There are 2 protein chains.
Amino acid sequence: MPRRRKTDPDQALTAAALLFWREGYHAVGTRQIEAETGVTRFTLQTAYGGKMPLFLKALDHYLDRFEATLAPRMTDGRLETLARWFEANVPPEDLAPGAPFGCLMVNSICEFDGGDAGVSARAERFFTMLRQGFGEALAAIERNGAMAPGLDIEARTQLLTACAVSMNIAMRAGSAGGDPAAIARAAAVMVRSWAPADCGPHI
Amino acid sequence: MPRRRKTDPDQALTAAALLFWREGYHAVGTRQIEAETGVTRFTLQTAYGGKMPLFLKALDHYLDRFEATLAPRMTDGRLETLARWFEANVPPEDLAPGAPFGCLMVNSICEFDGGDAGVSARAERFFTMLRQGFGEALAAIERNGAMAPGLDIEARTQLLTACAVSMNIAMRAGSAGGDPAAIARAAAVMVRSWAPADCGPHI
DNA sequence: TATATATCTAGTCAATCGGATAGATTGTCA
DNA sequence: TGACAATCTATCCGATTGACTAGATATATA
């Protein structure tokens, strides 16, 4: 019976995520949301419950994409795959192709501090995803016997997580933050240095 | 001849930096600045030129402190000093004792993207400071013969910078981001793993 | 002590914010 | 086809924003 919305809800959510990603939560107004996502200010209230609920839905959408596209690509038991994960497509390219906006989740963490429970919950999901992804990838590599001893998996997971997060900050800083690819290269070099060597050079 | 300001300008700048640090630029109002820093809305306009100029001055003040207190503490040619730098007092403790606010500069980078030239200029100073600090520390260590070959200094600098930045993000994420000290420990372990070993374990 | 001047107090301003409302419009199902 | 329901359009609202302005106040110098 009802009338159809102007914009497909899923597409609108993608546009909203991109908007918040680029400009931040506070800097985006409801009128701007209407103009750039097609979600009417009326629908924003009736269907989503306001600006913040829409933001959280967009954040969930973003994390879903992140989990679906990036997380699985790193675990195949090979160290080289992990190294290339950094060198290749770290930001969610399907959401913002070539977008130098960093990471919506990292940006949101900075903006909200611990001030919003909803954001904090997503942040926990994000970090859990990252650490679990890296942790499982490293565990698989170790099971394959493709990793030299030294640092334990916990420490290595922390280092990879740090590189991933820091790359996004560098991206958001633009040229001021240096080339994000330089961090990616360093991470990849570090990962490759974890390869077992019969009596090769030390790290 | 003139009347004295209610609050000492330097002290007010420190308070302003702390305020922006905790809440972000957009979330802080001029009335809140007046209440918490002692800088009157009148003085904010006449002496500083508005909210953004005050913010940039506070950011400069923050970076000055950062440069004065943290940067010099890492270069003495010993790997262990660098490792302990991470484990000890990474956030500028004299500005915000025990403050889980992360880093004002990192937060500002996220908030402004590349949208403000003044902020971008400070970001460049920040990253230059960090990379130069780590780079010189590593170079001194290498000259001391206290570092094993393997990754080059450039890559190691990138890794240390990534750890430092990421620690601040974890701090700002609160419990959702995991223990920031875990990143610090991982960074310290990594640094110590760069020590030369006659024929010790590989990294 | 008188004067000059920087600052403070208090209030105003237009602009914008997120949210709410009323009436017109659209599309589906009975 | 007629009625119902969800959405759209177009305002309107109170609150808050950064910035500005008079008039009062304080302080160092002449």
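Chain identifiers are assigned alphabetically (A, B, ...) following the order of the sequence lines, protein sequences preceding nucleic acid strands; residue numbering begins at 1 within each chain. Computed from a predicted structure; not experimentally measured.
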- Could you check A:R192 against A:E80 for salt bridge (charged side-chain N to carboxylate O under 4.0 Å, His left out), going step by step and ending with a plain yes or no? CA-CA 7 Å; A:R192 295 196 179 99; A:E80 183 59 23; 2.8 Å; yes
- Task: I would like to know whether B:Y62 and B:F55 meet ring pair (Phe, Tyr, Trp, His ring centres under 6.0 Å); could you show each step before the answer?
- Result: CA-CA 10 Å; B:Y62 174 88; B:F55 171 72; over 10 Å; no
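Here D:dC20 presents its C1' atom at 17 Å from NZ of B:K51, a figure rounded to the nearest Å. Atom CD of A:E34 and atom C1' of C:dG19 are 13 Å apart (whole Å). D:dC13 atom C1' lies 13 Å from atom CD of A:Q45, rounded to whole Å. Separating the CD atom of A:Q32 from the P atom of C:dC17 is a distance of 8 Å, rounded to the nearest angstrom. For B:R5 and C:dA6, the CZ to C1' distance is 9 Å, given to the nearest whole Å. Note: OH (B:Y25) to P (D:dT17) measures 13 Å, nearest angstrom. D:dG18 atom P lies 13 Å from atom CZ of B:F55, rounded to whole Å. A:H26 places its NE2 atom 13 Å from the P atom of C:dC17, with the value rounded to the nearest Å.
Between B:I169 and A:C110, the shortest heavy-atom distance links the atoms CD1-SG, 3.6 Å.
Considering only the side chain of B:F42, C:dC8 comes nearest among D:dT7, C:dC8, C:dC17. In this structure, of D:dC8, C:dG27, C:dT9, it is C:dT9 that holds the atom nearest to the side chain of B:K6.
Toward the 5′ end of DNA chain D lies the nearest nucleotide of A:T46, the other residue of the pair B:M52 and A:T46 mapping further downstream. In terms of position on DNA chain D, the residue among B:R4 and B:G49 whose nearest nucleotide sits closer to the 5' end is B:G49. The residue among B:T7 and B:R31 whose nearest nucleotide of DNA chain C is located toward the 5' end is B:T7.
You won't find any donor-acceptor pair under 3.5 Å spanning the side chain of B:R41 and the base of C:dT7, going by distance alone.
Between A:T40 and the phosphate of D:dT7, there is no side-chain N or O to OP1/OP2 separation shorter than 4.0 Å.
Counting any heavy atom pair closer than 4.0 Å across all strands shown, B:T43 reaches sugar-phosphate atoms only and no base atom. Counting non-hydrogen atoms under 4.0 angstrom, B:V39 reaches nothing in the nucleic acid.
Under a 3.5 Å cut-off, the side chain of B:N168 and the backbone N or O of B:A164 do form a donor-acceptor pair.
Between B:F126 and B:F66, the ring planes lie tilted relative to each other; the angle falls in the 30° to 60° range.
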